[in-house]
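The structure appears below as structure tokens.
Below, chain A is the first sequence line, B the second, and so on; all start at residue 1.
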2 protein chains.
Amino acid sequence: MKLEDAKLKYIHTWGSLATNWGINKTMAQVHALLLVSTKPLSADEIMDTLKISRGNVNMNVRALIDWGIVSKELVVGERKEFFIAGKDIWELFKQVTKERKKREIEPVLKVLDDLKNGVEENSEDAEEFKKLMNDLSSVTTTVNGILDKAIKADEHWLLSNFTKMIKK
Amino acid sequence: MKLEDAKLKYIHTWGSLATNWGINKTMAQVHALLLVSTKPLSADEIMDTLKISRGNVNMNVRALIDWGIVSKELVVGERKEFFIAGKDIWELFKQVTKERKKREIEPVLKVLDDLKNGVEENSEDAEEFKKLMNDLSSVTTTVNGILDKAIKADEHWLLSNFTKMIKK
DNA sequence: TTTTATTTTCAGAAATTATTGAAAGTTAAG
DNA sequence: CTTAACTTTCAATAATTTCTGAAAATAAAA
């Protein structure tokens, strides 16, 4: 397989994977393209490679910047903006985890808590419901804690500690 | 808040959360409904509560069974099928994790491996690409390993061990 | 076997989400 | 200041996903 074909295959695979995880296909493709690129790319280059409109590039690049995984890069002698994606994959994982935690996990904990505390009733049914909210909250908190630790950890450290911990 | 309102709020919140994670809203709502229900429910009851069609109930209940988080329950003297969701939330988390791992993580590892090995070239660019595929693969494998451990673990055991590990 | 209850399927419709492209907005160069 | 290069916005449209509902299939009861 030629290098360029492999790069394109990676871009497309990543795009279709993203849809499974509730992430816009084009956004994932733009990120993948910047990741495999050896130099910063302009909006025009992204448009041409992915065959998408200027508006689409603009929106998705902006979203990626908002997620903290793409940044603007100045190129001397050029007026246009260029973009790059960080090449440290463990950092990438941590950043995405951090954002999803903030955007999607923490709000859920809040709702579960409100639901648990919002019901005054003490019937058997109500107690069962409160227990359920509590269990959901407890599991979510456990997962959240693990993710928090992962965000602060070094990849190798995390894996080796985790492995040790499990073997005990 | 009345108990019934809290249950409905939970069902709706769960539905909208699901869309963030690439899960069909109705599927999440059906699961949430079965989870808060104190008795097995028939297709008709699900239709009425969620105001959705018979076909939609059928498709989503079947998908939930396929995910291993809902099951059929026979009710004596009734000809219809009834459905229940397991109430053990840690089990639910483990089952969902196991399925997503199988459906979404493992295929990615395969693709990354193919891409890494499929490029014969040895230019600087090609080596950089292979390193990238390798890094993606390494992080994914680490995460996969942690999830594997979580799937086999008991919640309290995991949480307490994790807490200890964090404090070190 | 025939009837009746129930479940399944799936083509078309509806709803949602993503994309385009052109106009408006910005910013830097001349 | 004026012009040209570039970026942003967003209403219209396209693509995708989900849902409906009625017909076909299945299975239990009569």
Side-chain angles (χ1 to χ4, degrees), chain A residues 11-34 40-67 70-84 100 103-104, chain B residues 11-34 39-67 70-84 103-104:
Chain A
I11 291 167
H12 288 112
T13 303
W14 217 242
S16 60
L17 179 77
T19 57
N20 287 148
W21 288 88
I23 293 158
N24 175 295
K25 186 185 74 179
T26 303
M27 182 168 150
Q29 289 186 337
V30 172
H31 183 259
L33 171 60
L34 292 173
L41 300 179
S42 68
D44 290 274
E45 290 168 305
I46 298 171
M47 283 170 70
D48 292 348
T49 311
L50 302 181
K51 311 268 185 286
I52 58 177
S53 72
R54 185 175 300 281
N56 202 3
V57 168
N58 189 275
M59 290 201 328
N60 284 297
V61 162
R62 228 130 296 280
L64 289 164
I65 290 173
D66 202 47
W67 273 78
V70 159
S71 50
K72 287 190 191 177
E73 173 107 332
L74 291 177
V75 170
V76 287
E78 288 274 12
R79 185 165 159 187
K80 295 189 238 207
E81 292 181 329
F82 287 76
F83 305 97
I84 51 167
R100 291 204 95 151
R103 296 173 191 216
E104 294 151 15
Chain B
I11 291 167
H12 288 111
T13 302
W14 217 242
S16 60
L17 179 77
T19 57
N20 287 146
W21 287 87
I23 294 158
N24 174 295
K25 186 185 74 179
T26 303
M27 182 169 150
Q29 289 186 337
V30 172
H31 183 259
L33 172 59
L34 292 172
K39 62 180 208 321
L41 300 179
S42 68
D44 290 275
E45 290 168 305
I46 298 171
M47 285 170 69
D48 292 348
T49 312
L50 302 181
K51 311 268 184 285
I52 59 177
S53 74
R54 185 175 301 282
N56 201 4
V57 169
N58 189 275
M59 292 198 326
N60 284 298
V61 163
R62 227 131 298 279
L64 288 165
I65 290 173
D66 202 48
W67 272 77
V70 159
S71 50
K72 287 189 192 180
E73 173 108 331
L74 291 176
V75 170
V76 288
E78 287 275 12
R79 186 165 158 184
K80 296 191 236 208
E81 291 181 327
F82 287 77
F83 305 96
I84 51 167
R103 296 172 190 217
E104 295 151 16

Using a 4.0 Å cut-off on protein heavy atoms (strictly under), produce a 5'-to-3' string for nucleotides 18-30 of chain D with B for base contact, S for backbone-only sugar-phosphate contact, and - for none.
SSBB-----BB--
Please figure out whether N58(B) or T19(B) has its closest DNA chain C nucleotide nearer the 5' end.
N58(B)
Rounded to the nearest 0.5 angstrom, the OG1-CG distance for T26(B) and L64(B) is 10.5 Å
With sequence neighbours left out, write down each residue that passes side-chain hydrogen bond (donor to acceptor under 3.5 Å, both in side chains) with N56(A), or none if nothing qualifies.
N60(A)
Starting at CZ of F82(A) and ending at C1' of dT7(D), how long is that distance when rounded to a whole Å?
14 Å
With rounding to the nearest 0.5 angstrom, report the CG to CD distance, L41(A) to E73(A).
11.0 Å
Would a distance-only check, ignoring hydrogens and angles, find a side-chain to backbone donor-acceptor pair under 3.5 Å from S16(B) to T13(B)?
yes
Could you work out, with side-chain hydrogen bond (donor to acceptor under 3.5 Å, both in side chains) as the rule, every residue matching K25(B), not counting sequence neighbours?
none
Rounded at 0.5 Å granularity, tell me how far CD1 in I46(A) sits from CZ in R54(A).
10.5 Å
Applying side-chain hydrogen bond (donor to acceptor under 3.5 Å, both in side chains), name anything that partners K39(B), two or more places apart in sequence or on another chain.
E45(B)
Taking heavy atoms of chain A and a 4.0 Å limit, find me the 5'-most and 3'-most nucleotide of DNA chain C within that range.
dA18(C) to dA28(C)
Just jot down the salt bridge (Lys or Arg N to Asp or Glu O under 4.0 Å) partners of D48(B), sequence neighbours excluded, or say none.
none
